[in-house]
Amino acid sequence: RICVITLAEAHPLLQSGKTIKNINYQISANCSRLQNKVSGKSKRPCLFIFQMQGAQFLTELAPLCRISSSDGEEYTIYSCIRGRLIEVNENILSNPALLQEKPSSEGYIAVVLPKFEESKSITQGLLTQKEYEEVLLKRRSSAS
């Protein structure tokens, strides 16, 4: 029931061949996602049920990071999911190309754990691959 936050395949950074210059997890003067420190332990063996301490709580509109491209564009990436920030991917700081080369695996942005009681409604609200492709097709045709 964890959510891995990645760039969508239709994101401009993946479509336009732009070069990523910088990734910044510093959201404001007082908030850095890099300072998120989660501690706790599993309540039962082999189950990922944690007593969360120190994890930042995110709303759907909470910024996770800002990505700057070499052409000067800046993109704010939002959580899109309510829950606790489990981790951010620090590997993309030293190797930003992972976001473009392996966006669904090593190039993930963050991992979020929604509240247990909200996880079912979150997954029910997700689009299937086919629905996602239909949304993209509608966007492209309306932009033409």
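For this chain, numbers begin at 1 and follow the sequence in order. No hydrogens, no waters, no symmetry mates; every other heavy atom, side chains included, goes into these values.
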key: CA sep, side-chain torsions, deciding dist, call: Ile5, Val111, side chain to side chain contact (heavy atoms under 4.5 Å, CB included)   = CA-CA 6 Å; Ile5 311 298; Val111 177; over 6 Å; no
task = Measure the spacing between CD1 of Ile20 and CD of Glu73 and express it to the nearest 0.5 Å.
result = 13.0 Å
Going by atom type alone, with no hydrogens or angles, which donor-acceptor pairs under 3.5 Å involve a side-chain atom of residues 74-83 and a protein atom two or more places apart or on another chain?
| residue | atom | partner | partner atom | Å |
| --- | --- | --- | --- | --- |
| Tyr75 | OH | Lys18 | NZ | 2.6 |
| Ser79 | OG | Ile81 | N | 3.3 |
| Ser79 | OG | Ile81 | O | 2.6 |
| Arg82 | NE | Glu118 | OE1 | 3.2 |
| Arg82 | NH2 | Glu118 | OE2 | 3.0 |

ask   = Is there side-chain contact between Lys138 and Val135, with at least one heavy-atom pair below 4.5 Å?
value = no
message = Please report the interatomic distance CD(Gln129) to CD(Glu134), rounded to the nearest 0.5 Å.
response = 11.0 Å
request  = Output, in order, the C-alpha distance, side-chain angles, deciding distance and verdict of side chain to side chain contact (heavy atoms under 4.5 Å, CB included) for Leu126 and Tyr132.
outcome  = CA-CA 9 Å; Leu126 296 175; Tyr132 174 68; over 6 Å; no
key: Donor-acceptor under 3.5 Å (Asn89 side chain, Tyr108 main chain)   = yes
Minimum heavy-atom distance Ile23-Leu93, with the two atoms named = O-CD2, 3.3 Å
message = Checking side-chain polar atoms at under 3.5 Å, does Asn30 have a donor or acceptor matched by the opposite partner on Ser28?
response = no
message = Is it the case that the side chain of Gln100 and the backbone of Leu13 share a donor-acceptor pair, with hydrogens and angles ignored and the cut-off at 3.5 Å?
response = yes
Arg84 (side chain) donor-acceptor with Val112 (main chain) under 3.5 angstrom = no
task = Would you give the length of the straight line joining atom CD of Gln56 to atom CD1 of Ile27, rounded to the nearest 0.5 angstrom?
result = 8.5 Å
ask   = Between CD of Glu131 and CG of Leu136, what distance do you get to the nearest 0.5 Å?
value = 12.0 Å
task = May I ask you to test the Leu7-Ile109 pair for a side-chain heavy-atom distance under 4.5 Å?
result = yes
query = Does any non-hydrogen side-chain atom of Leu85 lie less than 4.5 Å from one of Leu113?
reply = no
note = Taking every heavy atom of Ala8 against every heavy atom of Leu14, the minimum-distance pair comes out as O-CD1, 3.2 Å
query = Under the 3.5 angstrom rule, does the side chain of Gln15 hit a backbone N or O of Glu9 as a donor-acceptor pair?
reply = yes
note = Interatomic distance, CD@Gln26 vs OG@Ser32, rounded to 0.5 Å, equals 4.5 Å
task = State the CG-OG1 distance between Asp71 and Thr19, to the nearest 0.5 angstrom.
result = 8.5 Å
